[in-house]
Amino acid sequence: MLLQVRGLGKTFGGLDAVKDVDVDVPEGQITAIIGPNGAGKSTLFNLLAGFYAPTSGTVTFEGKDITGMKPHRTVREGIARTFQTTQLFENSTVLDNVLAGCVVRSTSNALDAVFHTPRHRRDERASRAKAMEELEFVGAAHLADQVASNLPQEAQKRVSMALALATEPRLLLLDEPAAGTNDEETAAFGDLIRQMVARGITVCLVEHKMSMVMNLADQIVVLDHGQRIAAGTPEQIKSDPLVIEAYLGANNDQAGAQS
Ligand SMILES: Nc1ncnc2c1ncn2[C@@H]1O[C@H](COP(=O)(O)OP(=O)(O)OP(=O)(O)O)[C@@H](O)[C@H]1O
């Protein structure tokens, strides 16, 4: 198992945003985390990537306890994440954004940079090549010199994926990759995610678009009010009475409109 989550909990004030959650993420698969609004999906991602420290429970990645490890360390361990709303350096170019991801695997240090040592120059060349490779992979190489904030949201999402990929993750956490995209773009993101898996990257995604989740996921974990209420294949989840009840009870239009 690539990632193992046991009894994970996070409280905000008196509220259990995530409570006693177990998740197994098998290597080389796509795991989807779904649930109504406020179910705790983003909080779970923040716990896995180290943006929040859990109140209880453990996170084990490749057999190593990474519970409470900060984001700059989890990313070195091989966990990268994208955000619901893209968080790019808006005034920087697309290439510079992706180069920021390359820094994680850079071997030269600050002194190398200051003195422009051969190691630094080598490293810089390798990073640029890597960044361009990832931009090509996500279909955004032609945007390399554009300022990130000038791009439409769909392109920004691709760039943020390239940034995450530049950190060379073993596990990629995608927070609502299809949010705000039309059907055609959603399908294209689905293809891209499959290509990531083909590269050997394990993907875990939070997504409201049920059509995408059902098409893509090998396994689905369902959260409701912070707790795991079901886990299984798309077929199993579709017919799970607890899941149906959670979505209907939430009285939102996601289950009906997008399944
Ligand atoms: N930083 C925070 N401080 C206080 N409460 C929070 C914080 N983050 C999340 N919560 C609360 O925790 C619960 C779970 O929120 P979370 O954002 O994880 O849900 P979600 O499933 O990602 O929802 P959505 O689908 O709407 O993005 C909600 O009740 C939310 O209001």
Side-chain angles (χ1 to χ4, degrees), residues 3 5-25 30-59 67-71 74 79-87 153-154 156-157 160-161 164 171-181 186 189-190 193 203-217 219-232 234 237-238 240 242-259:
L3 183 82
V5 173
R6 288 293 175 270
L8 203 64
K10 177 71 185 172
T11 57
F12 293 112
L15 176 90
D16 285 310
V18 168
K19 190 179 179 192
D20 199 20
V21 166
D22 291 352
V23 181
D24 284 329
V25 176
I30 300 176
T31 299
I33 315 277
I34 67 167
N37 290 114
K41 305 179 296 293
S42 295
T43 304
L44 176 62
F45 260 24
N46 282 327
L47 290 169
L48 300 183
F51 289 89
Y52 295 150
T55 317
S56 55
T58 57
V59 182
T67 314
M69 209 181 249
K70 293 277 192 300
T74 57
I79 301 178
R81 72 161 291 181
T82 65
F83 292 83
Q84 231 168 72
T85 48
T86 49
Q87 300 211 335
Q153 208 201 8
E154 189 258 352
Q156 290 200 23
K157 276 174 179 277
S160 63
M161 285 181 185
L171 173 66
L172 181 57
L173 308 174
L174 299 172
D175 201 349
E176 297 204 31
T181 63
T186 300
F189 276 122
I193 291 168
V203 172
C204 189
L205 70 141
V206 165
E207 185 52 66
H208 279 298
K209 282 194 178 167
M210 288 303 159
S211 55
M212 185 192 213
V213 169
M214 293 297 166
N215 267 326
L216 212 57
Q219 69 148 348
I220 300 177
V221 175
V222 189
L223 298 183
D224 186 31
H225 297 295
Q227 288 185 285
R228 192 183 92 169
I229 58 164
I237 294 303
K238 249 188 239 174
D240 188 308
L242 279 178
V243 177
I244 296 165
E245 193 186 312
Y247 272 96
L248 294 177
N251 196 25
N252 57 35
D253 58 3
Q254 294 146 14
Q258 292 172 352
S259 62

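Remember, it's 1-based here, ligands and their atoms both numbered in the order they're listed.
- Scanning for side-chain contact (heavy atoms from CB on, under 4.5 Å) contacts around Thr55 gives Lys10, Thr11, with sequence neighbours left out.
- Salt bridge absent: Asp22 and Arg228 never bring a charged side-chain N and a carboxylate O closer than 4.0 Å.
- For Thr67, the side-chain contact (heavy atoms from CB on, under 4.5 Å) partners at least two apart in sequence or on another chain are Pro54, Thr58, Val59, Asp65.
- Defined by atom type and a distance below 3.5 Å, a donor-acceptor pair is present between the side-chain atoms of Thr186 and Lys209.
- Ligand 1 lies under 4.0 Å from heavy atoms of Phe12, Leu15, Ala17, Pro36, Asn37, Gly38, Ala39, Gly40, Lys41, Ser42, Thr43, Tyr52, Gln84, His208.
- For Asp24, the salt bridge (charged side-chain N to carboxylate O under 4.0 Å, His left out) test picks out Arg6, with sequence neighbours left out.
- The shortest heavy-atom contact between Gln153 and Ala179 is OE1-O, 4.1 Å.
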